[in-house]
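Reviewing the structure listed below.
Lettering of chains follows the sequences in order, A, B, ..., and the numbering in each one begins at 1.
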Amino acid sequence: ETGVTQTPRHLVMGMTNKKSLKCEQHLGHNAMYWYKQSAKKPLELMFVYNFKEQTENNSVPSRFSPECPNSSHLFLHLHTLQPEDSALYLCASSRGDSGANVLTFGAGSRLTVL
Amino acid sequence: DQQVKQNSPSLSVQEGRISILNCDYTNSMFDYFLWYKKYPAEGPTFLISISSIKDKNEDGRFTVFLNKSAKHLSLHIVPSQPGDSAVYFCAARANAGGTSYGKLTFGQGTILTVHP
């Protein structure tokens with residue numbers, strides 16, 4: 001596979017569930033990102049990792065917990081979410097995290113919290 | 001405070017005509033601007049970019065214009081094709097000093113529909 005792959009593509013969960021979103025990139029990039037896209041809102045940056053180290057947490061609630069075991073994999077662990085957390089969660093990667101690099105996005109994981 | 005705004009949620013254009021998508025920004029530190037295109041069920045893909053030292057960048061049917069004094073940029077697609085129907089996101093990054101750059105700030109997107 002090439003590019004950025006996200007699984008699952010769709011997820012429905014209750015507010016008391018614990019689930020995880022997975023992202024994998026085969027581009028040899030060193031930086032990985034989680035973005036949230038809510039309806040009619042701009043893409044919101046959540047987390048940035050560079051060489052497995054978190055370099056940015058954009059004031060994200062602790063019910064979202066990222067994990068980056070290596071430069072190719074990124075997870076977003078979800079627990080006790082709220083219905084307003086329902087959104088499209090996009091993973092992206094780039095060569096570095098300097099902002100000078102173009103992001104390559106995955107297709108997203110559509111999350112619905114009941 | 002939304003620093004990058006796309007005030008038109010949608011745009012409908014006839015095939016063969018010009019599509020003009022607009023984007024306004026407020027942060028004067030932004031020095032690099034990008035357009036991404038997103039089809040349903042796919043992630044956004046990079047389309048074209050422009051540095052603040054330029055006022056125009058062209059790539060085939062796509063041209064981006066930058067008006068720094070007005071803090072406005074636009075994406076022109078000519079001629080428009082039905083396959084161009086997608087959501088278009090404007091994004092900007094700030095120069096944080098030297099070779100350090102801030103992260104991309106996105107607009108909310110404009111849905112372009114090109115009718116055959």
Side-chain angles (χ1 to χ4, degrees), chain A residues 1-10 21-27 29 31-50 54-60 74 87-110, chain B residues 1-10 21 23-27 29-53 57 59 64 86-111:
Chain A
E1 278 196 69
T2 59
V4 179
T5 304
Q6 290 187 242
T7 55
R9 295 293 308 275
H10 299 272
L21 305 180
K22 179 183 175 182
C23 177
E24 186 174 359
Q25 58 96 1
H26 304 271
L27 300 167
H29 288 165
M32 296 189 78
Y33 309 74
W34 279 116
Y35 278 87
K36 175 183 178 182
Q37 187 190 2
S38 302
K40 299 181 181 178
K41 287 187 176 180
L43 275 72
E44 300 173 56
L45 178 63
M46 299 175 73
F47 301 103
V48 183
Y49 279 81
N50 194 35
Q54 189 179 114
T55 57
E56 188 149 341
N57 177 337
N58 204 20
S59 303
V60 181
L74 184 65
L88 180 68
Y89 289 85
L90 290 161
C91 174
S93 70
S94 65
R95 201 168 296 169
D97 73 339
S98 72
N101 301 287
V102 171
L103 300 177
T104 301
F105 283 90
S109 294
R110 173 72 62 185
Chain B
D1 176 34
Q2 199 172 323
Q3 297 186 53
V4 177
K5 292 182 182 179
Q6 294 176 255
N7 292 315
S8 298
S10 63
L21 298 116
C23 178
D24 297 295
Y25 62 96
T26 57
N27 188 342
M29 296 298 292
F30 286 149
D31 72 341
Y32 193 72
F33 304 88
L34 305 90
W35 285 93
Y36 279 80
K37 178 169 75 172
K38 184 181 184 303
Y39 292 117
E42 294 183 16
T45 55
F46 170 71
L47 185 59
I48 192 170
S49 63
I50 188 167
S51 165
S52 61
I53 61 173
N57 189 26
D59 183 3
V64 57
V87 180
Y88 288 80
F89 292 97
C90 170
R93 69 147 205 241
N95 187 331
T99 58
S100 176
Y101 296 94
K103 301 300 179 288
L104 288 181
T105 301
F106 284 86
Q108 65 269 57
T110 297
I111 301 171

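- For a residue to count as touching a neighbouring chain, one of its non-hydrogen atoms must lie under 4.5 Å from one of that chain's; by this rule B:Lys38 touches chain A with the side chain only.
- Contact annotation for A:Leu88: only side-chain heavy atoms (C-beta onward) come within less than 4.5 Å of a heavy atom of chain B.
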Inset, instruction - Report the C-alpha distance between B:Phe33 and B:Val4 in whole Å, list the side-chain angles of each, state the deciding distance to 0.1 Å, and finish with yes or no for side chain to side chain contact (heavy atoms under 4.5 Å, CB included). - result: CA-CA 10 Å; B:Phe33 304 88; B:Val4 177; over 6 Å; no
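- Contacts of A:Gln6 with chain B are absent, with no heavy-atom separation under 4.5 Å from either backbone or side chain.
- With a threshold of 4.5 angstrom between heavy atoms, A:Leu45 approaches chain B through side-chain atoms but not through N, CA, C or O.
- Of the atoms belonging to A:Glu44, not a single heavy atom falls under 4.5 Å from chain B.
- Of the two parts of B:Pro44, the backbone and the side chain both hold a non-hydrogen atom closer than 4.5 Å to a non-hydrogen atom of chain A.
- No side-chain N or O of B:Thr45 forms a donor-acceptor pair with one of B:Tyr36 less than 3.5 Å apart.
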Legend entry - Criterion ring-ring contact (aromatic ring centres under 6.0 Å, His included) on A:Phe105 and A:Tyr35, from CA distance to verdict: CA-CA 10 Å; A:Phe105 283 90; A:Tyr35 278 87; 5.6 Å; yes
Legend entry - Derivation and outcome, side chain to side chain contact (heavy atoms under 4.5 Å, CB included), residues A:Leu103 and B:Phe46: CA-CA 7 Å; A:Leu103 300 177; B:Phe46 170 71; over 6 Å; no
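- Using modelled atom types and a 3.5 Å distance limit, the side chains of B:Gln108 and B:Gln2 yield a donor-acceptor pair.
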Inset, instruction - Could you walk me through whether B:Thr110 and B:Val87 pass side chain to side chain contact (heavy atoms under 4.5 Å, CB included), step by step? - result: CA-CA 5 Å; B:Thr110 297; B:Val87 180; over 6 Å; no
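- With a 4.5 Å cut-off on non-hydrogen atoms, A:Arg110 does not touch chain B at all.
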